[in-house]
Enquirer: 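Before I ask anything, here is the structure I am working with.
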Amino acid sequence: LTFLSITIGVGAVEAVLLATATTRQAQRDIIKTISGKADIEIVASGTGFPYATLKEVANDPEVEAAVPGLKRSASLQTSNGRKADTQVLGIDPRIDQSVRDYKLVEGQMPASLKQVVLDTSFAKSLLIQVGDSIKMRTRSGLEEYTVVGLVQPSAGASVAMNSAVYLVLPMAQRIFKTGNNIDQIQ
């Protein structure tokens, strides 16, 4: 009876330790999924920081890659009259996927100033397809863009990237009147 009690006690302790380890790993996986592939993110407050800061970060020997970004809110209007608030991400399409977890599912990444890519579920909710025109109201007024691609964020990243419009960084800097500033480096 004593031996059986000890065996049950040891089994219970092992089960708790295994459950704790599994839970901690799941938490790490969730945080990594939501935050993307970057190990660290530098975020500016207010007006942002000069683009030159990116070069300083990139020159650090411990940094594998430094990816700039500009994140702002805007109002979007479709050609069929639908309207929505959106999160606009000014990106460098050549390197953005090295830190953000999404895949291009249709079309192409933006290559010119008047091209945008939308989150797939956001586009679907507004009945927007590749090739459609949209208008965004920003600090520069109402401007028209062509949707050239659709992206699908990973399962966890969709929480952070829902309702997103991606455009090239120089255009985001122009329409939000940030000069040469950016507000994040991943």
Enquirer: Taking the side chain as everything from C-beta on, heavy atoms only, tell me whether D132 gets closer than 4.5 Å to Q129.
Expert: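 In contact.
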Enquirer: What's the shortest heavy-atom distance between Q115 and M109, and which atoms?
Expert: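 What the structure gives for the nearest pair is OE1-O, 4.4 Å.
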Enquirer: Donor-acceptor pair, D183 side chain versus G48 backbone, under 3.5 Å?
Expert: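 Not confirmed, D183 side chain does not pair with G48 backbone.
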Enquirer: Applying the 4.5 Å side-chain criterion to the ILVMFWY set and letting contacts propagate, would L150 and L127 be lumped into a single cluster?
Expert: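 They do not share one cluster, since no chain of ILVMFWY contacts under 4.5 Å joins L150 to L127.
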Enquirer: Quick check: do Q173 and L70 have side-chain heavy atoms less than 4.5 Å from each other?
Expert: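 Yes - at least one pair of side-chain heavy atoms lies under 4.5 Å apart.
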Enquirer: side-chain contact (heavy atoms from CB on, under 4.5 Å), that's the test. Do E106 and L104 meet it? Break it down for me.
Expert: CA-CA 6 Å; E106 187 177 341; L104 185 69; over 6 Å; no
Enquirer: With the side chain counted from C-beta on, respond yes when I42 and F49 share a heavy-atom pair under 4.5 Å apart, and no when they do not.
Expert: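 In short, these two side chains touch, coming nearer than 4.5 Å.
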Enquirer: How close do S140 and I175 get, heavy atom to heavy atom, and via which atoms?
Expert: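 Minimum heavy-atom separation between S140 and I175: OG-O, 3.0 Å.
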Enquirer: Measure the spacing between CD1 of I134 and OH of Y145 and express it to the nearest 0.5 Å.
Expert: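 If we round to the nearest 0.5 Å, I134:CD1 and Y145:OH are 8.0 Å apart.
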Enquirer: Do T146 and V116 have side chains that approach each other closer than 4.5 Å (heavy atoms only, starting at C-beta)?
Expert: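 No, side chains not in contact.
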Enquirer: Backbone N or O of P93 within a donor-acceptor pair of the D96 side chain at under 3.5 Å?
Expert: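 Here the side-chain-to-backbone pair does not exist.
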Enquirer: In the structure I gave you, are the side-chain heavy atoms of D92 and V168 within less than 4.5 Å of one another anywhere?
Expert: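 Side-chain contact under 4.5 Å: no.
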Enquirer: How many angstroms lie between atom CG of N181 and atom OG1 of T53, to the nearest 0.5 angstrom?
Expert: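 Those atoms lie 8.0 Å apart.
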Enquirer: Taking T86 for its side chain and A74 for its backbone only, find out whether a donor-acceptor pair lies under 3.5 Å.
Expert: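 Pair absent, no side-chain N/O of T86 close to backbone of A74.
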Enquirer: What's the spacing between T138 OG1 and M171 CE if we round to 0.5 Å?
Expert: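 Going from the OG1 atom of T138 to the CE atom of M171 covers 8.0 Å.
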Enquirer: Counting only N and O atoms by type, is there a donor-acceptor contact under 3.5 Å from the side chain of E14 to the main-chain atoms of V10?
Expert: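 Checking the backbone N and O of V10 against the side chain of E14, no donor-acceptor pair under 3.5 Å is found.
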Enquirer: Consider only side-chain N and O atoms of Y166 and D119, and report whether a donor and an acceptor are under 3.5 Å apart.
Expert: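 Distance-only check fails for Y166 and D119.
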Enquirer: Start with the C-alpha distance between S133 and E144, add both sets of side-chain angles, then the distance that settles side chain to side chain donor-acceptor pair (under 3.5 Å), and finish with yes or no.
Expert: CA-CA 7 Å; S133 293; E144 189 167 336; 3.2 Å; yes
Enquirer: Of the options L89, V43, V88, which is the one that meets K71 in a side chain to side chain contact (heavy atoms under 4.5 Å, CB included)?
Expert: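 Only one of L89, V43, V88 forms a side chain to side chain contact (heavy atoms under 4.5 Å, CB included) with K71, namely L89.
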Enquirer: Would you name the heavy atoms of I185 and A66 that are closest together and state the gap between them?
Expert: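 Smallest heavy-atom distance, with atoms named: CG2-CB, 4.0 Å.
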Enquirer: Inspect the surroundings of NZ in K55 and state if more than 12 heavy atoms from other residues, nucleotides or ligands are less than 6.0 Å away.
Expert: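 Open.
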Enquirer: Looking only at heavy atoms, what is the nearest atom pair of S98 and V67, with distance?
Expert: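 Heavy atoms of S98 and V67 come nearest at OG-CG2, 3.5 Å.
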Enquirer: To the nearest 0.5 Å, tell me how far I128 CD1 sits from L76 CG.
Expert: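 Between I128 CD1 and L76 CG, I get 5.0 Å after rounding to 0.5 Å.
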Enquirer: Roughly how far, to the nearest 0.5 Å, is the OG atom of S73 from the CG atom of D85?
Expert: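 Rounded to the nearest 0.5 Å, the CG-OG separation comes out at 7.5 Å.
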Enquirer: What's the shortest heavy-atom distance between K83 and L126, and which atoms?
Expert: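 Residues K83 and L126, closest heavy atoms: O-CD2, 4.4 Å.
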Enquirer: Quick check: closest heavy atoms across I182 and P68, and the distance to 0.1 Å?
Expert: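 For I182 and P68, the tightest heavy-atom pair comes out as CD1-CB, 3.9 Å.
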Enquirer: Hey, are E143 and R137 close enough for a salt bridge, meaning a charged N less than 4.0 Å from a carboxylate O?
Expert: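 No, no charged N to carboxylate O under 4.0 Å.
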Enquirer: Please check if L113 and V165 belong to a single hydrophobic cluster, counting links between Ile, Leu, Val, Met, Phe, Trp and Tyr side chain heavy atoms closer than 4.5 Å.
Expert: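 They do share one cluster, since a chain of ILVMFWY contacts under 4.5 Å joins L113 to V165.
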Enquirer: Working to the nearest 0.5 Å, report the span between CD of Q186 and CD1 of I91.
Expert: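 That separation rounds to 11.0 Å.
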